[in-house]
Number of protein chains: 2
Amino acid sequence: MFAPDLTKNFNKCGDCPIRKRAVCAHCETEELILLEEMKYYRSFEAGQTVVWSGDRMDFVASVVSGIASLTQTLEDGRTQMVGLLLPSDFVGRPGRDSAPYDVVATTDLVMCCFRKKPFEELVSTTPRVAQRLLQMTLDELDAAREWMLLLGRKTAREKIASLLAIIARRNSMLATQTVGDSMSFDLPLTREAMSDYLGLTLETVSRQISALKKDGLIELQGKRHIIVPDFQKLVLESGDDADGGLPI
Amino acid sequence: MFAPDLTKNFNKCGDCPIRKRAVCAHCETEELILLEEMKYYRSFEAGQTVVWSGDRMDFVASVVSGIASLTQTLEDGRTQMVGLLLPSDFVGRPGRDSAPYDVVATTDLVMCCFRKKPFEELVSTTPRVAQRLLQMTLDELDAAREWMLLLGRKTAREKIASLLAIIARRNSMLATQTVGDSMSFDLPLTREAMSDYLGLTLETVSRQISALKKDGLIELQGKRHIIVPDFQKLVLESGDDADGGLPI
DNA sequence: CACATACTTTGACACATATCAATTACCGGA
DNA sequence: TCCGGTAATTGATATGTGTCAAAGTATGTG
């Protein structure tokens with residue numbers, strides 16, 4: 001199991017093959033040492049809230065293992081997930097004092113943290129790190145906008161297919177379980193979390209998963225383990241262009 | 001009429017009261033001169049496409065007047081707006097070669113542009129500019145996530161109320177037409193553009209506007225001029241917390 | 001091993017929004 | 001001022017997703 005910590009995110013170029021968006025400080029070795037000294041780990045149980053929206057957030061972090069999600073909630077309780085953080089993903093907002101949304105541990109979670117103050121100093125004195133951070137943020141913005149298209153214009157079936165494809169793709173980057181066009185993985189989200197991601201109810205999520213199963217696009221082993229016999233076919237159901245279809 | 005150009009966005013601290021997110025290089029006077037030399041203007045007619053998704057985008061720009069929007073489209077034509085650029089807003093992605101979405105002139109549009117190459121050089125040699133750019137991007141990310149909540153969880157009526165509130169707020173920052181809690185402004189979007197923003201059909205947009213009118217939350221002069229007798233009441237319909245309710 | 005609990009599936013029905021179609025209002029140009 | 005075309009409204013109906021309810025399936029605990 002790959003367990004990235006934040007120094008890894010800031011590792012030398014080439015040492016971070018997992019995520020394109022990982023922060024890479026190239027040969028800034030001194031800063032790496034600095035980061036190494038600053039880092040500490042925090043663990044959370046599934047369901048625990050890491051930070052409440054509006055609270056002071058005095059650290060930045062990288063997901064080591066487990067899943068965290070960013071959620072926003074309306075007064076009457078309707079909630080929408082606005083960020084999904086898988087291992088190696090970065091959380092934190094240099095220059096911001098308080099979190100604009102809840103950060104929740106969707107599964108058991110380990111994060112590699114750094115106090116924000118020294119991290120910000122590092123950023124401001126190391127242009128390449130600052131630029132990498134900008135690139136990461138732009139990537140997140142792109143992801144958010146793709147997500148907006150999903151929320152605003154896709155059908156329930158397309159939403160589910162899209163989410164499965166996203167998870168499958170991310171998974172194939174971490175621990176590949178790929179044979180030809182087929183692949184399998186464990187769903188890291190409950191039906192409810194999926195519904196919060198997709199802007200649906202959990203019942204609709206369940207029904208659409210059943211429908212995809214009936215149509216032979218996916219197979220289930222238990223409730224959580226998904227087998228995708230033909231990834232291309234799944235992508236076809238997602239509404240997206242098929243070009244970006246290959247698992248990487 | 002306020003007509004920001006990109007040098008204005010990079011003006012000295014305090015000179016950019018319009019947008020919190022405007023890039024501010026503080027006292028980087030030399031760079032200001034550099035920017036001044038690089039800038040050029042481009043005009044577009046309503047409906048014209050500034051950049052096609054996937055095309056090379058070799059400039060960054062600031063909206064001087066008019067409205068531009070970023071849109072994404074599925075193969076079958078369903079389209080979702082993912083960005084709305086009002087005067088003083090910034091477009092462009094340092095470090096990226098091609099645009100990830102269509103940039104369309106929603107109204108007649110003037111932009112103040114800079115070739116990307118020298119702009120990127122400026123960014124990489126001026127840490128404070130780079131940091132401001134990061135802040136801007138984080139602001140956009142926040143806006144995108146707010147938008148995701150709207151798309152995923154709000155009702156049609158709440159969506160309309162939210163959009164009107166957003167435009168009213170932005171408007172009150174530019175050319176205020178405010179009397180107490182009442183305010184008025186011209187809708188810069190067609191019903192269709194609004195529907196692309198909100199993930200609705202144009203008919204639903206029209207119906208909900210009529211409904212808000214019938215309920216006395218807004219008044220119409222012609223099709224486009226909106227009068228909001230009580231801004232707080234409108235915000236109440238938007239589903240958001242009422243706290244951020246004041247026009248700033 | 002039985003039980004409690006949380007998660008998931010499935011069903012019946014309601015409702016919000018989409019779709020298709022027909023008017024109506026507005027705005028610019030002759 | 002009238003005319004033509006685009007934009008907007010309104011109506012009738014269809015449909016997808018939500019809501020409420022019940023039953024089924026895991027999963028862990030004593």
Side-chain angles (χ1 to χ4, degrees), chain A residues 45-48 67 74 76-80 105-108 150-164 186-215 218-226 237 239, chain B residues 45-47 67 74 76-80 106-108 150-164 186-215 218-226 237 239:
Chain A
E45 287 176 18
Q48 255 190 296
I67 313 269
L74 295 170
D76 61 3
R78 283 173 285 172
T79 87
Q80 174 65 51
T106 296
T107 65
D108 288 349
L150 177 148
L151 290 171
R153 292 303 187 192
K154 287 188 180 175
T155 65
R157 167 180 264 244
E158 289 169 335
K159 286 178 175 181
I160 299 284
S162 299
L163 177 55
L164 292 179
D186 277 315
L187 261 186
L189 302 174
T190 63
R191 301 291 186 263
E192 188 182 21
M194 292 176 72
S195 75
D196 285 341
Y197 185 109
L198 300 170
L200 298 169
T201 59
L202 110 204
E203 292 95 332
T204 299
V205 169
S206 181
R207 274 187 250 273
Q208 294 297 335
I209 288 180
S210 299
L212 290 178
K213 191 172 70 179
K214 191 161 73 68
D215 296 347
I218 59 172
E219 291 159 34
L220 286 186
Q221 266 171 18
K223 302 299 180 189
R224 294 296 194 86
H225 192 76
I226 303 259
E237 297 290 327
Chain B
E45 287 177 18
I67 313 267
L74 295 170
D76 61 3
R78 282 173 285 172
T79 87
Q80 174 65 51
T106 295
T107 65
D108 288 349
L150 176 148
L151 290 172
R153 294 303 187 192
K154 287 188 180 176
T155 65
R157 167 180 265 244
E158 288 169 337
K159 286 178 175 182
I160 299 283
S162 299
L163 177 54
L164 293 180
D186 277 314
L187 261 186
L189 301 174
T190 63
R191 300 293 187 260
E192 188 182 22
M194 292 176 72
S195 74
D196 286 342
Y197 185 109
L198 300 171
L200 298 169
T201 59
L202 115 203
E203 292 94 332
T204 299
V205 169
S206 180
R207 274 186 249 274
Q208 293 298 335
I209 288 179
S210 298
L212 289 179
K213 190 172 70 178
K214 190 161 74 64
D215 296 348
I218 58 172
E219 290 160 33
L220 287 187
Q221 266 171 17
K223 302 298 181 188
R224 295 294 195 87
H225 192 77
I226 303 259
E237 297 290 327

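All values below were derived from every heavy atom in this structure, side-chain atoms included, with hydrogens, water molecules and symmetry-related copies excluded. Here is how names work: the chains are called A, B, and so on, in the same order as the sequence lines, proteins then strands, and each is numbered from 1.
Within residues 152-162 of chain B, the residues that have a heavy atom under 4.0 Å from DNA chain C are, in order of number, B/T155, B/A156. Within a heavy-atom distance below 4.0 Å of DNA chain C, the residues of residues 192-209 of chain A found are A/E203, A/S206, A/R207.
Proximity of a side-chain donor or acceptor of A/E219 to a complementary backbone N or O of A/I226 within less than 3.5 Å is not detected.
Terminal axes of the helix from C/dC1-D/dG30 to C/dA30-D/dT1 (five pairs each, C1' rotation axis) are separated by 40°, to the nearest 10°.
Counting all heavy atoms, side chain and backbone alike, B/L220 lies closest to B/R191 at CD1-NH2, 4.4 Å. Smallest separation of non-hydrogen atoms from A/L150 and A/S162: CD1-CB, 3.6 Å. The minimum heavy-atom distance between B/I160 and B/I209, with the atom names listed, is CG2-CG1, 4.0 Å. Taking both residues in full, the closest heavy atoms of A/R153 and B/D196 are given as NH2-OD1, 3.3 Å, listed atom of the first, atom of the second, then distance.
Looking only at side-chain heavy atoms (C-beta outward), A/L74 and B/K154 come within less than 4.5 Å of each other. Residues B/V205 and B/L163 form no side-chain contact, since every pair of their non-hydrogen atoms from C-beta on lies 4.5 Å or further apart.
For B/A46, the side-chain contact (heavy atoms from CB on, under 4.5 Å) partners two or more places apart in sequence, or in a different chain, are B/D108. A/T190 meets the side-chain contact (heavy atoms from CB on, under 4.5 Å) test with A/E192, A/A193, A/R224; sequence neighbours excluded. Under the salt bridge (Lys or Arg N to Asp or Glu O under 4.0 Å) criterion, A/E158 pairs with B/R78, sequence neighbours left out. Residues passing the side chain to side chain donor-acceptor pair (under 3.5 Å) test with B/S195, sequence neighbours excluded: none. With sequence neighbours excluded, the residues forming a side-chain contact (heavy atoms from CB on, under 4.5 Å) with A/T204 are A/A156, A/L200, A/T201, A/Q208, listed by chain and number. With sequence neighbours excluded, the residues forming a side-chain contact (heavy atoms from CB on, under 4.5 Å) with A/D215 are A/R157, A/L217, listed by chain and number.
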Practice prompt. Would you sort out whether B/L187 and B/L164 count as a side-chain contact (heavy atoms from CB on, under 4.5 Å), showing the intermediate values?
Written response: CA-CA 8 Å; B/L187 261 186; B/L164 293 180; 4.0 Å; yes
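Nucleic acid contact class of A/R224 (heavy atoms, under 4.0 Å, all strands): sugar-phosphate only.
Distance check, rounded to the nearest 0.5 Å: CD of B/Q221 to CG of B/D186 gives 9.5 Å.
If you walk DNA chain C from 5' to 3' and mark each nucleotide with an atom closer than 4.0 Å to a heavy atom of chain B, the marks span C/dT17 to C/dC26. Reading DNA chain D from its 5' end, the first and the last nucleotide to sit under 4.0 Å from a heavy atom of chain B are D/dA8 to D/dA12.
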